[in-house]
2 protein chains.
Amino acid sequence: MAERARPAGATDDVDAVTRAVLTASRLLVAVSARSLAAAEDRVTLPQFRMLVVLSTHGAVNLVTAADLLGVNPSTAMRMIDRLIAADLVSRGVNPANRRETVLQLTPDGQRIVEDVTARRRDEIAAIVARMIPGQREALVDALTAFAEAGGEPAAPGRGPDLYPLGWVDPTASSA
Amino acid sequence: MAERARPAGATDDVDAVTRAVLTASRLLVAVSARSLAAAEDRVTLPQFRMLVVLSTHGAVNLVTAADLLGVNPSTAMRMIDRLIAADLVSRGVNPANRRETVLQLTPDGQRIVEDVTARRRDEIAAIVARMIPGQREALVDALTAFAEAGGEPAAPGRGPDLYPLGWVDPTASSA
DNA sequence: CCTCATCGTTTGCATGATGCAAAATAGGTC
DNA sequence: GACCTATTTTGCATCATGCAAACGATGAGG
């Protein structure tokens, strides 16, 4: 819609950028999928997402974890059961409020998240390293402008950089 | 790994770009998630992925669809059953080879894919439209260089532009 | 023609993810 | 102590998933 409603000049402009964004998007998804692949024989994708949530938000109770994940508490409940059985998550009782549980990653669970995260960072860094320095600077500026236009907080070094991690791409398989 | 093994100068450079890429990545996932939301009360996410496959690859048989989706034929089988029940996909018999089926989108199925695709394009176009023209050009160049460094084919106008469409973001919900 | 290996589809079985609704449990109020 | 609320847990139903086996159609040799 947005592009169709304009004279040809501005249209082609926005359209070209959109196409470039979509292509880059495809690459990013492919990178993430590869990073994830390593962990997929230990946990399912939803389980990994739960690990990410616990990794970024530390000790939380069940409803909070469910909210952060955007799923029903009952779903989170059974997922946690399985993760505990796999020794990736621990469940304790909040001494201040005995009706709440306290969920936390075990060292094993922490390590899985770190491994995938590191792998993804490395893959992106490797791609970036193949660009010439001038392109790198330009990319930072361009992406920063894009993220700002899209209203995405620039995500400063907030810990171990966990972001859009844990997706599935429908078309990546067809590539 | 890749960054840790270098002196500080080059490291910070690559690191800054990596961070920018990850931020942009998060935005792109958020955009896709929003585009998908509209369709999620009609089909599940795996079902939508199947629709995308059928939309891009036209009439295919079951094993092909399963391969494109990266799932077991039995999984694809039952998914197709449900999509047929919802009148989003049709199943016929290949007259040339009666042991093969021919799967195709119904008009309804086609429309769902088109709606989500259009919504996503529009959202990205809207973001791009908020950037100043100079930034837009720079973004195209930068992303093109990035995609090339990552070995992603620049995806020319190959039809209705279907790409990384249909993911799930573990951290998007926590934003 | 009949038989057999093969390919594509389908079904059986088991596990995980998911949501809604209801039960059980713990905390706080009057 | 009765009552309301928040949290966890369980019951039930549906979808997604893979592996293995059964079924059905093709095509090649005999």
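What's counted below: heavy atoms across the whole structure, side chains too, no hydrogens, waters or symmetry copies. Proteins come first, then strands; the chains are lettered A, B, ... in the order of their sequence lines, and each starts at number 1.
Nucleotide C:dT25 holds its P atom 13 Å from the CE atom of A:M77, rounded to whole Å. Straight-line distance from the CG atom of B:N61 to the P atom of C:dT6: 19 Å, rounded to whole Å. Rounded to whole angstrom, the span from the CG atom of B:D67 across to the C1' atom of C:dT9 amounts to 14 Å. Taking atom CZ of A:R78 as the reference point, atom C1' of C:dT18 lies 9 Å away to the nearest angstrom. Remark: C1' of C:dG19 and CD of B:E40 are 14 Å apart, rounded to the nearest angstrom. Here the C1' atom of nucleotide C:dT9 and the CZ atom of B:R91 are 9 Å apart, to the nearest Å. A:N72 has its CG atom 14 Å from the P atom of C:dA22, to the nearest Å. The interatomic distance linking A:F48 (CZ) with C:dG16 (P) rounds to 19 Å, in whole Å.
In this structure, the side chains of B:L27 and B:T23 stay at 4.5 Å or more apart for every pair of heavy atoms. The shortest distance between side-chain heavy atoms of B:Q104 and B:V89 does not fall below 4.5 Å. For the pair A:R91 and A:V102, the minimum side-chain heavy-atom distance is 4.5 Å or more.
No side-chain N or O of B:T64 forms a donor-acceptor pair with one of B:D67 less than 3.5 Å apart. Side-chain contact annotation: A:S32 with A:R120, donor-acceptor N/O pair under 3.5 Å present.
Contact check on B:D15 versus B:R19 returns a salt bridge, with a Lys/Arg side-chain nitrogen under 4.0 Å from an Asp/Glu carboxylate oxygen.
Using a 4.0 Å cutoff to heavy atoms of chain B, the contacted part of DNA chain D runs 5' to 3' from D:dC15 to D:dT26.
Residues of residues 92-102 of chain A having a heavy atom closer than 4.0 Å to DNA chain D, listed by number: A:R99, A:E100, A:T101.
Residues in residues 104-113 of chain A take part in these salt bridge (charged side-chain N to carboxylate O under 4.0 Å, His left out) pairs, two or more places apart or across chains: A:D108-A:R111.
When each of A:P46 and B:V63 is assigned the nucleotide of DNA chain C bearing its nearest heavy atom, the one mapping closer to the 5' terminus is B:V63.
Among the protein residues, B:T44 comes within range of the sugar-phosphate backbone only, with heavy atoms under 4.0 Å from sugar or phosphate atoms but none that close to a base.
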* Could you give me the CA-CA distance, side-chain angles and deciding distance for A:I127 and A:V31, then say whether side-chain contact (heavy atoms from CB on, under 4.5 Å) is met? => CA-CA 10 Å; A:I127 293 173; A:V31 167; 3.9 Å; yes
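Taking only side-chain nitrogens and oxygens, A:Q47 never comes nearer than 4.0 Å to OP1 or OP2 of C:dG16.
Exactly one residue among B:L88, B:L36, B:V116 makes a side chain to side chain contact (heavy atoms under 4.5 Å, CB included) with B:V43. That residue is B:L88.
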